[in-house]
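These notes concern the structure reproduced below.
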Amino acid sequence: MRISDPKIVAGLATLDVELRHGTSLAELTSLGIGGTTDLLRINKHESIPSLLRLLDENHVPHKFLGGGSNLLVGDGDLPWVVLQLVSPEPDIVLEGKLAHVDASADLGRTVTFCAKHDLGGMEGLIGVPGTVGGALRMNAGAYGMQIGTYVREVKVYRAAQRKIEILRGHQISFEYRHTSFAPDDMMLAVTLELPSKPFKEILEGIRICNEKRRSSQPLGQKSAGCIFKNPPGASAGRMIDELGLKGLTVGDARVNDRHANFFVNAGKASAKDMLALIADVRERVHKAYGVELENEVVLWNA
Ligand SMILES: Cc1cc2nc3c(=O)[nH]c(=O)nc-3n(C[C@H](O)[C@H](O)[C@H](O)COP(=O)(O)OP(=O)(O)OC[C@H]3O[C@@H](n4cnc5c(N)ncnc54)[C@H](O)[C@@H]3O)c2cc1C
C-alpha cells in the first residue's frame, strides 16, 4: 500500500512520523520473507492517538511491527501500512530494582544492560531476538522463565478507547505465549521489577542459556523461532521429529535438521512455500497424534 494523498503526508509530518515508501518486509523480518509497503516510523508516543485517528479517518489499514522476529508476512504488494516505534535515547532507565524500558528497545540488549547493573531474572531471554514490546505481546519466554513475571506496569495505547493508559501488572494476565492485551493494543513502554543478583552470577546463567540455544537451534539461519506452540504437556518439535519430518521442504522453506519446530528460509522461500510447509506438517501431526498444532508465528496476510 502506498500513501500518496498530500493531506495524509502533511498530517504525518506534523505528527513527526517519518514515511518510508516501498519498504521490503523481507528485509525487516528474521524469516526474510514478505512483500513491500509503506513504513511509518513513530518518533513520539504522544503522536499515536492522532496518528491512528488520521489513518482510520482516511481508511488506511495498518499493522504494528516490533523487531520482526515472530512474523510470516505475505508476498507482493501488501494491503496495509506498517507502524514502528523509533527508539528514544536512552531507551532503558534504571531506578533501584525497576527498569523503565521503551517497547522499541532490543530485548537482548535490555537483558545485558540490566545484568551489568546487577539486575537478573531474564537470563533465559538472552538470544530471543526482537523488541521488548514484541516480547510483551506474546509473553516471550524460554528455559522456564517468561517476561510477564517481571512486569510491574505497561504503558499501552488502547485502540478501543483511543488513548494511552498505564496498566498495572496485576491487570494483565500472562500465560504461555499468550497475554490478555487486546489484539489492537500497542505496548509503548514497560516497567520491569527485577531481582538483584551479582553480575557474575547472571553472566553464568546467560552463558548456560546461550550454550543450550547454540546446541539446539539453527542460529545464523533465517527463521521466526518456533513455528508452533507446544500443546499442553507435549513438545511440537518432538512430534515433528518423531515423524521423521526434519529436512522436509517446500521450495526453499525447510524443516530444520537441528530443531524440528524451527522452519527456515533456506534461500528464496516465498510466504506461499512456508505456508504450504506449515499446513503439511500440521496435517501430518494431526493424523499421527490427533493434535491440532496452533501457530506461534504470527501470520500477516500470508
Ligand atoms: C532464532 C529465534 C529464536 C527465538 N526464540 C524464542 C524463544 O526462546 N522464546 C520466545 O518466546 N520467542 C522466541 N522467538 C520468537 C520471537 O523472537 C519473540 O516472539 C519476540 O518476542 C518477538 O518480538 P518482535 O519485536 O520481533 O515482534 P514482531 O515479530 O515484530 O511482532 C510479533 C507480534 O507482536 C506484535 N507486536 C510487536 N511489538 C508490539 C508492540 N510494541 N505492541 C503491540 N504489539 C506488538 C506484532 O504486531 C505482531 O503481532 C525466537 C525467534 C527467533 C528468530
Side-chain angles (χ1 to χ4, degrees), residues 1-89 91 102-106 129-138 155-160 162-164 181-189 222 224 265 268-275 297-302:
M1 170 170 247
R2 195 177 170 94
I3 294 181
S4 50
D5 182 338
K7 196 177 63 189
I8 308 177
V9 173
L12 294 175
T14 312
L15 294 170
D16 197 12
V17 173
E18 184 199 345
L19 172 58
R20 291 191 187 168
H21 287 300
T23 303
S24 160
L25 286 206
E27 285 168 20
L28 294 183
T29 53
S30 58
L31 253 180
I33 294 176
T36 55
T37 188
D38 283 358
L39 175 69
L40 275 54
R41 304 250 306 149
I42 303 165
N43 285 301
K44 292 187 301 209
H45 292 172
E46 294 65 34
S47 310
I48 290 177
S50 306
L51 169 63
L52 291 186
R53 197 169 311 115
L54 178 71
L55 297 179
D56 289 347
E57 280 171 7
N58 289 284
H59 312 289
V60 179
H62 47 80
K63 294 196 179 284
F64 195 80
L65 179 71
S69 66
N70 199 31
L71 288 174
L72 171 53
V73 182
D75 304 312
D77 198 10
L78 301 165
W80 26 259
V81 299
V82 168
L83 314 182
Q84 191 177 41
L85 295 174
V86 174
S87 273
E89 194 53 62
D91 54 4
D102 194 81
S104 61
D106 179 81
T131 61
V132 167
L136 286 173
R137 156 65 66 198
M138 289 287 277
K155 180 182 177 190
V156 57
Y157 171 75
R158 313 218 82 179
R162 289 191 176 273
K163 62 175 189 191
I164 293 174
F181 293 111
D184 50 7
D185 280 349
M186 278 183 201
M187 275 56 87
L188 306 180
K222 291 178 182 173
N265 172 4
K268 289 191 170 151
S270 63
K272 217 170 142 210
D273 295 335
M274 193 55 81
L275 278 177
V297 67
V298 176
L299 306 185
W300 278 3
N301 263 77

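Keep in mind the model is a prediction, meaning the values are calculated, not measured.
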Search all heavy atoms of L85 against all heavy atoms of R41 and return the closest pair with its distance. O-NH1, 4.1 Å
Contacts of R2 that satisfy salt bridge (charged side-chain N to carboxylate O under 4.0 Å, His left out) - sequence neighbours left out: none
Looking at residues at least two apart in the chain, or sitting in another chain, which of them share a side chain to side chain donor-acceptor pair (under 3.5 Å) with D16? N43
How long is the gap from NE2 on H21 to CG on L39, to the nearest 0.5 Å? 11.5 Å
Can you check side-chain contact (heavy atoms from CB on, under 4.5 Å) on L19 and V81, steps first, answer last? CA-CA 10 Å; L19 172 58; V81 299; over 6 Å; no
Side chain of T36, backbone of G22: donor and acceptor closer than 3.5 Å? no
Would you list the atom pairs, donor with acceptor, under 3.5 Å between side chains in residues 49-63 and any protein atom, with sequence neighbours excluded?
{"unit_1": "D56", "atom_1": "OD2", "unit_2": "R162", "atom_2": "NH2", "d": "3.2"}
{"unit_1": "N58", "atom_1": "OD1", "unit_2": "K7", "atom_2": "NZ", "d": "3.4"}
{"unit_1": "N58", "atom_1": "ND2", "unit_2": "L54", "atom_2": "O", "d": "2.8"}

Are the side chain of R137 and the backbone N or O of M186 linked by a donor-acceptor pair below 3.5 Å? no
What distance separates F181 CZ from R158 CZ, expressed to the nearest 0.5 Å? 8.0 Å
Any side-chain heavy atom of L83 within less than 4.5 Å of one from I48? no
Please tabulate, for side-chain N and O atoms in residues 23-33, each donor-acceptor pair with protein atoms closer than 3.5 Å (sequence neighbours left out).
{"unit_1": "T23", "atom_1": "OG1", "unit_2": "R20", "atom_2": "O", "d": "3.2"}
{"unit_1": "S24", "atom_1": "OG", "unit_2": "A26", "atom_2": "N", "d": "3.3"}
{"unit_1": "S24", "atom_1": "OG", "unit_2": "E27", "atom_2": "N", "d": "3.4"}
{"unit_1": "T29", "atom_1": "OG1", "unit_2": "L25", "atom_2": "O", "d": "2.8"}
{"unit_1": "T29", "atom_1": "OG1", "unit_2": "I33", "atom_2": "O", "d": "3.3"}
{"unit_1": "S30", "atom_1": "OG", "unit_2": "S223", "atom_2": "O", "d": "2.6"}

Test of understanding: with side chain to side chain contact (heavy atoms under 4.5 Å, CB included), list the residues that count as partners of D106, not counting sequence neighbours. R109
Contact between L275 and L299 at the side-chain level, heavy atoms closer than 4.5 Å - yes or no? yes
Has E18 got a side-chain atom pairing as donor or acceptor with L40's backbone, closer than 3.5 angstrom? no
Sorted by chain and residue number, the side chain to side chain contact (heavy atoms under 4.5 Å, CB included) partners of K272 (sequence neighbours excluded) come out as D75, S270
Can you list everything that forms a side chain to side chain donor-acceptor pair (under 3.5 Å) with D102? Sequence neighbours excluded, please. H45, S104
Sorted by chain and residue number, the side chain to side chain contact (heavy atoms under 4.5 Å, CB included) partners of P79 (sequence neighbours excluded) come out as N301
Measure from the side-chain N and O atoms of S47 to the backbone N and O of L15, and report whether any donor-acceptor pair falls under 3.5 Å. yes
Taking all non-hydrogen atoms of both residues, which atom of L65 and which atom of L71 are closest, and how far apart? CD1-CD1, 3.4 Å
Looking at CH2 of W300 and CZ of F64, how far apart are the two atoms once the value is rounded to the nearest 0.5 Å? 9.0 Å
Which residues pass the side chain to side chain contact (heavy atoms under 4.5 Å, CB included) test with A182, sequence neighbours left out? D184, D185
